[in-house]
Amino acid sequence: MTDIAVVWFKRDLRCADHAPLAAAVRCRAVLGLYVLEDEWLEAPEWDPQHWEFIRQSLLELRRALAARGMPLLLRRGAMPAVLAQLRRDYPFTELFSHQETGAAWSYARDRRVAAWCREQGVRWREWPQFGVFRPLARRDGWAAAWEQFMAKPLLAAVDRFPGTMAELDQGEIPTLRALDRPGARPIPPAGETAAQQTLESFLSERGSRYLHTLSSPLLAEQGCSRLSAHLAYGTVSMRQVVHRARQRLRELREQGGVEAVERARHLRGFLSRLHWHCHFIQKLEDEPDIEFHNFSRIYDGLREDDWNEERFSAWAEGRTGFPFVDACMRCLRATGWINFRMRAMLVSFASYHLWLHWRGTGLFLARQFLDFEPGIHWSQMQMQSGTTGINTLRIYSPSKQWADQDPRGEFVRRWLPEWGSADYPPPIVPEQQVARAAREKIWARRRLPEARAQAAQVLRRHGASADRKRAAKPKSQQKPPPATEQLDLFS
């Protein structure tokens, strides 16, 4: 047996398929730890709904671990000071956790924890949480590594943990009121049980028309998996979702028949998006600065000095005078979720029609998304703003999206009751004119000689193999990426 250990929970709030927990059974004594960090509470992307989802998940996790003989401690403070205080009462020599690809504050915290562990002689072992790998100098071989990781057998939940050697105050899991924070909007059921129920309901019934429903804000609410928050906080592992979805795919193939074949087609579309989920998180892992800086620095200075607070407020409050944009924003603000195509439209409208920089709008959206996942979020903010240098420029037309996705106006009427009355404002900008001007500004940068060299650098570091193969061909032979590369990742 190894020595005394602490399992540090971060965004992995489950018992099953949990490598640190599986390793803990080999220890002489072990306890679990969750730290409510003040840095996170003060971070500009934090929102009360995030803590409420975590709080409910922790309550279930504490019960599940207690039934297996492991206490789950809740501590509030800064790392590694919390670890230092805990070690005075509980002389642990092992720290187990999953790797985390997060916001800048979490990178800095992990560096402090690593330094403290070295100084104190504590061995910190980390395991990958997703199909995201460190270090990774180039993307060559990433897809194969992802497949290898996902194909590994799932780790069963541990039946019984060794003793803890000490009676420690577990600490209350505080409510938002106890934290003196404003209340959260309503959230869906949280925790490991809810995650499994959500996964099963999607695979057995709700996902039967997935590819037909994921673009519509009316249909996506039920037709999408709704697993994004569970994946973001780790109440289910990506590997669990991949294994169960592939098992369901095998069942459909064995079942046969027209209906089973059609369901399998939709399920394959869902599985492809799980691959892209990790693809984007890998970008932030490889280059953490994309949270703050353009992928391609040729776009530096393009929007930074043109921030318009009036336009931002109108967009953030859902009163731009573009009904479909405003309805989507109000839905998001009320529920914490909206389907990916509408997220892309909101970002596109802010970035092109209103000419707002992605960092400011991205922080606002991070607070609205219950499922905020930093790696996906910042990559997508830049992708939809045209600053990656490698992706197709997509300027969503609000009027076309409305016609395509809400032709009867049902969604707009649900979220915009004043639409059509004198209380609803006129359009804040002329749609066609501002879109054309934005396109010209972006292309003026893309045509610069140094833009091509920078795009090649971005491709080498972040591009999928298909992107690099397409870019290597003469321009006359290049084909646009397939429609699926719109990447409906928040499904």
Side-chain angles (χ1 to χ4, degrees), residues 7 9-22 32 34 49-68 70 72 97-98 100-102 127-132 149-150 152-158 173 184-207 210 214 220-249 267 270-271 273-275 277-278 281 335-337 339-340 369-373 375-376 489-491:
V7 175
F9 289 89
K10 294 187 276 185
R11 294 193 293 142
D12 51 356
L13 307 180
R14 62 183 184 276
C15 291
D17 199 40
H18 197 290
L21 286 178
Y34 183 88
Q49 65 175 334
H50 300 151
W51 172 245
E52 184 58 25
F53 193 95
I54 290 173
R55 187 186 73 85
Q56 292 186 23
S57 300
L58 285 171
L59 289 170
E60 180 182 8
L61 181 63
R62 175 174 274 181
R63 292 192 295 268
L65 291 174
R68 294 168 167 84
M70 179 190 284
L72 175 61
S97 75
H98 276 115
E100 180 178 7
T101 303
W127 285 263
Q129 165 90 315
F130 295 116
V132 175
F149 178 79
M150 294 302 163
K152 290 180 180 179
L154 298 177
L155 298 170
V158 174
I173 301 175
R185 66 202 86 184
I187 64 168
E192 193 168 10
T193 300
Q196 291 299 323
Q197 292 172 345
T198 303
L199 174 60
E200 290 304 318
S201 70
F202 174 72
L203 294 177
S204 64
E205 188 57 39
R206 292 188 297 106
Y210 174 72
L214 58 85
E221 182 178 359
Q222 290 297 317
C224 284
S225 76
R226 304 307 302 272
L227 288 167
S228 52
H230 292 289
L231 287 168
Y233 301 109
T235 52
V236 67
S237 76
M238 174 62 75
R239 194 160 52 191
Q240 284 177 296
V241 177
V242 170
H243 275 238
R244 183 64 186 95
R246 287 177 174 174
Q247 179 186 8
R248 178 60 177 152
L249 194 57
L267 184 51
F270 171 69
L271 277 164
R273 284 157 176 81
L274 299 180
H275 179 280
H277 175 284
C278 298
I281 297 176
T335 68
W337 187 88
N339 61 314
F340 175 78
F369 295 154
L370 173 63
D371 52 24
F372 171 60
E373 174 62 63
I376 296 175
L489 293 171
F490 296 90
S491 52

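In terms of heavy atoms, Leu21 sits closest to Met70 at CD2-CE, 3.7 Å. Summarising the geometry of Asp371 relative to Ala229, their closest heavy-atom pair is CB-N, 3.5 Å, with the distance given to 0.1 Å. In plain terms, the two heavy atoms of Ser228 and Trp337 that are nearest each other are OG-NE1, 3.8 Å. Residues Leu267 and Ala245 approach most closely at CD2-O, 3.3 Å, considering heavy atoms. Between Pro153 and His243, the shortest heavy-atom contact is CA-CE1, 4.2 Å. Taking each heavy atom of Cys278 and Phe130 in turn, the nearest pair found is SG-CB, 3.9 Å.
A cation-pi contact, defined as under 6.0 Å to the ring centre and within 45° of the axis, links Arg239 to Phe149.
Separating the CG atom in Leu203 from the CD atom in Gln247 is a distance of 9.5 Å, to the nearest 0.5 Å. Taking OG from Ser237 and NE2 from His230, the interatomic distance works out to 13.0 Å, rounded to the nearest 0.5 Å. Arg63 contributes atom CZ, which lies 11.0 Å from atom CG of Leu58 (distance to the nearest 0.5 angstrom). Note that the OG atom of Ser97 and the CG atom of Asp12 stand 7.5 Å from one another [nearest 0.5 Å]. If you take CD on Gln129 and CG on Asp17, they are separated by 9.0 Å, rounding to the nearest 0.5 Å. Between the CD atom in Gln240 and the CG atom in Leu227 there is a gap of 10.5 Å [rounded to 0.5 Å].
Residues Ile173 and Trp51 form a side-chain contact, since some pair of their non-hydrogen atoms from C-beta on lies under 4.5 Å apart. Taking 4.5 Å as the limit, some side-chain heavy atom of Met238 sits within range of a side-chain heavy atom of His277.
Scanning for salt bridge (charged side-chain N to carboxylate O under 4.0 Å, His left out) contacts around Arg185 gives Asp47, with sequence neighbours left out. Applying the side chain to side chain donor-acceptor pair (under 3.5 Å) criterion to Glu52, with sequence neighbours excluded, gives Arg55, Gln56. Every residue meeting the side chain to side chain contact (heavy atoms under 4.5 Å, CB included) condition with Gln222, not counting sequence neighbours, appears here in chain and number order: Arg206. For Arg246, the salt bridge (charged side-chain N to carboxylate O under 4.0 Å, His left out) partners are Glu147, not counting sequence neighbours. With sequence neighbours excluded, the residues satisfying side chain to side chain contact (heavy atoms under 4.5 Å, CB included) with Arg11 are Glu100, Glu373, Pro374. For Thr193, the side chain to side chain donor-acceptor pair (under 3.5 Å) partners two or more places apart in sequence, or in a different chain, are Glu60.
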**Request:** Carefully, step by step, assess Val236 and Leu231 under the rule side-chain contact (heavy atoms from CB on, under 4.5 Å).
**Result:** CA-CA 6 Å; Val236 67; Leu231 287 168; 4.0 Å; yes
**Message:** Using the rule given for side-chain contact (heavy atoms from CB on, under 4.5 Å), can you reason through Thr198 versus Ser225, listing the C-alpha separation, both sets of side-chain angles and the distance that settles it, and then say yes or no?
**Reply:** CA-CA 7 Å; Thr198 303; Ser225 76; over 6 Å; no
**Asked** Run the side-chain contact (heavy atoms from CB on, under 4.5 Å) check on Phe340 and Leu214 step by step: do they pass?
**Response** CA-CA 8 Å; Phe340 175 78; Leu214 58 85; over 6 Å; no
**Message:** Quick one, Arg244 with Glu200, criterion side-chain contact (heavy atoms from CB on, under 4.5 Å). Give me CA distance, side-chain angles, the key distance, then yes/no.
**Reply:** CA-CA 9 Å; Arg244 183 64 186 95; Glu200 290 304 318; 2.8 Å; yes
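In this structure a side-chain-to-backbone donor-acceptor pair under 3.5 Å is missing from Arg14 to Glu192.
Taking the six-membered ring where the residue is Trp, His50 and Tyr233 present tilted rings, their angle falling between 30° and 60°.
Under the 6.0 Å cut-off for aromatic ring centres, His275 and Phe270 do not qualify, their centroids lying 6.0 Å or more apart. Ring centroid separation for the pair Tyr34 and Phe9 does not come in under the 6.0 Å cut-off.
For Glu221, the CD atom sits in a loose shell: 12 or fewer heavy atoms of surrounding residues, nucleotides or ligands are nearer than 6.0 Å.
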